[in-house]
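Below is one structure, written out as structure tokens, with a few remarks after it.
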There are 2 protein chains.
Amino acid sequence: MIRQTKQRKVLQDIFLKENRPLGVEEILSLGREQVTSLNQATVYRNLKLMVEEGWLERLAHEAFGTLYERADKEHHHHFLCRSCNRAFDLPGCALDHDNASLSGFQVENHEIYLFGICPSCSTAA
Amino acid sequence: MIRQTKQRKVLQDIFLKENRPLGVEEILSLGREQVTSLNQATVYRNLKLMVEEGWLERLAHEAFGTLYERADKEHHHHFLCRSCNRAFDLPGCALDHDNASLSGFQVENHEIYLFGICPSCSTAA
DNA sequence: TTGCTAATGCAAATGCATTTGCAACAATAA
DNA sequence: TTATTGTTGCAAATGCATTTGCATTAGCAA
């Protein structure tokens, strides 16, 4: 039977509050603000559970490593800020479906990544 | 001074012939058809050189690992076949620029990945 | 041809993200 | 409260892609 621990609660809260994909490091440091003893292995174990139960989804890009985000979102894509190294959701889809494919290729799904500077970084400049 | 070795020549030929992104395993096995002794370390060393001199570009996606492709191509995106696990180029750009961004985000570049079944796999079925 | 040294093959070593064993701890059912 | 057993923290262990040390091989300038 699954128990509700404070570590687990903290992780859930973080994902509910930060509305964007998060990496393990980031999750760990945000989590330690609530539970000082929070351990990396605990984060990994819980992320794995949350993915298995379908509450989180995993997302990875070479430039930003592995990220996790809530699974309850509609189809969307991501923006990656090269300045603060954070990922953001871009609601909606900017794929031009008519020109997307090539004859003979059966497209089942897709991913789009935009790179650049996020609002807070460009304001700070 | 850089020497032209037969291993190097084989690697270049492979990239010129196969007109799509290739992974290390694939390069190694294609290369061994020409030079039986071809070693993985040699492939890695040469790929690194070719990237440094700008002849190749590196590309990575979690589902397909690290791939390399010639750098002399125009802007394009990639199709990844979940059946044969190969990557293909999709000439042109299917990004709907007007709907791509979000207010405040400065987009500098982007990547698009399409997933599905490639022509030869769907014919073979 | 010959000499110099870049390049190769092989195996061992790295670097890193993620996983795991284990003892101590803590969330529930009774 | 108490017993049960899921969880955590810690450190050591994995798994893997990529790199490196070294002896041998082989381009290429002279």
Side-chain angles (χ1 to χ4, degrees), chain A residues 1-15 21-69 78 80 85-87 113, chain B residues 1-15 21-69 71 78 80 85-87:
Chain A
M1 189 259 323
I2 286 189
R3 293 175 184 173
Q4 176 71 352
T5 64
K6 57 178 183 299
Q7 300 57 359
R8 203 110 75 195
K9 181 68 167 54
V10 164
L11 293 183
Q12 291 163 350
D13 288 349
I14 288 173
F15 277 102
L22 300 170
V24 172
E25 273 312 314
E26 208 167 358
I27 295 167
L28 190 55
S29 80
L30 286 170
R32 283 182 168 154
E33 293 176 6
Q34 314 289 321
V35 176
T36 318
S37 69
L38 184 62
N39 190 278
Q40 201 181 42
T42 301
V43 172
Y44 273 108
R45 281 190 275 238
N46 280 301
L47 288 175
K48 190 175 192 176
L49 283 179
M50 290 157 128
V51 168
E52 281 167 5
E53 71 188 26
W55 196 73
L56 285 184
E57 271 175 9
R58 192 186 181 128
L59 155 78
H61 188 286
E62 148 141 282
F64 292 77
T66 302
L67 304 176
Y68 295 84
E69 70 174 340
H78 299 99
L80 304 172
N85 257 43
R86 291 183 300 172
Y113 298 94
Chain B
M1 190 258 322
I2 286 190
R3 293 174 184 172
Q4 177 70 352
T5 65
K6 57 177 183 298
Q7 311 38 13
R8 202 112 75 197
K9 182 67 167 55
V10 165
L11 294 183
Q12 291 164 349
D13 287 348
I14 288 173
F15 278 101
L22 300 170
V24 172
E25 272 313 314
E26 208 167 0
I27 294 166
L28 189 56
S29 81
L30 286 172
R32 281 182 170 154
E33 293 175 7
Q34 313 292 321
V35 176
T36 318
S37 69
L38 184 61
N39 190 275
Q40 201 182 42
T42 300
V43 172
Y44 273 108
R45 282 189 274 237
N46 280 301
L47 289 175
K48 191 175 192 176
L49 283 179
M50 290 157 129
V51 168
E52 283 168 4
E53 72 188 25
W55 195 73
L56 286 183
E57 272 175 8
R58 191 188 181 126
L59 155 77
H61 188 286
E62 148 140 281
F64 292 76
T66 302
L67 303 176
Y68 295 82
E69 70 175 340
H78 299 98
L80 304 172
N85 257 43
R86 291 183 300 172

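All chains are named by letter (A, B, ...) in the order of the sequence lines, taking the proteins before the strands, and each is independently numbered beginning at 1.
At its two ends the helix from C:dT1-D:dA30 to C:dA30-D:dT1 runs along axes set 40° apart, each axis drawn from five pairs and the angle rounded to 10°.
Contacts of B:H61 classified as ring pair (Phe, Tyr, Trp, His ring centres under 6.0 Å), with partners at least two apart in sequence or in another chain: B:Y113, B:F115. B:K9 pairs by the salt bridge (Lys or Arg N to Asp or Glu O under 4.0 Å) definition with B:D13, not counting sequence neighbours.
The base of D:dG6 has none of its N or O atoms less than 3.5 Å from a complementary donor or acceptor on the side chain of A:R8.
Across every non-hydrogen atom of A:A87 and A:L67, the tightest pair is CB-CD1, 3.5 Å.
Heavy-atom contacts of chain A under 4.0 Å fall on DNA chain C between two terminal nucleotides, which in 5' to 3' order are C:dA17 to C:dT28.
Using a 4.0 Å heavy-atom distance criterion, B:R32 is classed as making no nucleic acid contact.
Taken from CZ in B:F64 to CG in B:N85, the straight-line distance is 5.0 Å, to the nearest 0.5 Å.
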Determine all donor-acceptor pairs shorter than 3.5 Å in which one atom belongs to a side chain in residues 25-33 of chain B; sequence neighbours excluded.
unit_1	atom_1	unit_2	atom_2	d
B:E26	OE2	B:R20	NH2	2.4
B:S29	OG	B:E26	O	3.4
B:R32	NE	B:L38	O	2.8
B:R32	NH2	B:L38	O	2.9

Donor-acceptor pairs under 3.5 Å, side chain of residues 41-59 of chain A to any protein atom, not counting sequence neighbours: which ones?
unit_1	atom_1	unit_2	atom_2	d
A:N46	OD1	A:R8	NH1	2.6
A:N46	ND2	A:T42	O	3.0

Pull out every protein N or O sitting under 3.5 Å from an N or O of nucleotides 26-30 of chain D, one pair per line with the distance.
unit_1	atom_1	unit_2	atom_2	d
D:dG27	N2	B:R3	NH2	2.7
D:dG27	N3	B:R3	NH1	3.4
D:dC28	OP1	B:Q4	N	2.8

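For residues 48-56 of chain A, proximity to DNA chain D is found at no residue, defined as any non-hydrogen atom under 4.0 angstrom from a strand atom. For residues 34-42 of chain B, proximity to DNA chain C is found at B:S37, B:L38, B:N39, B:A41, B:T42, defined as any non-hydrogen atom under 4.0 angstrom from a strand atom.
A heavy-atom distance below 4.5 Å is not found between the side chains of A:Q12 and A:Q7.
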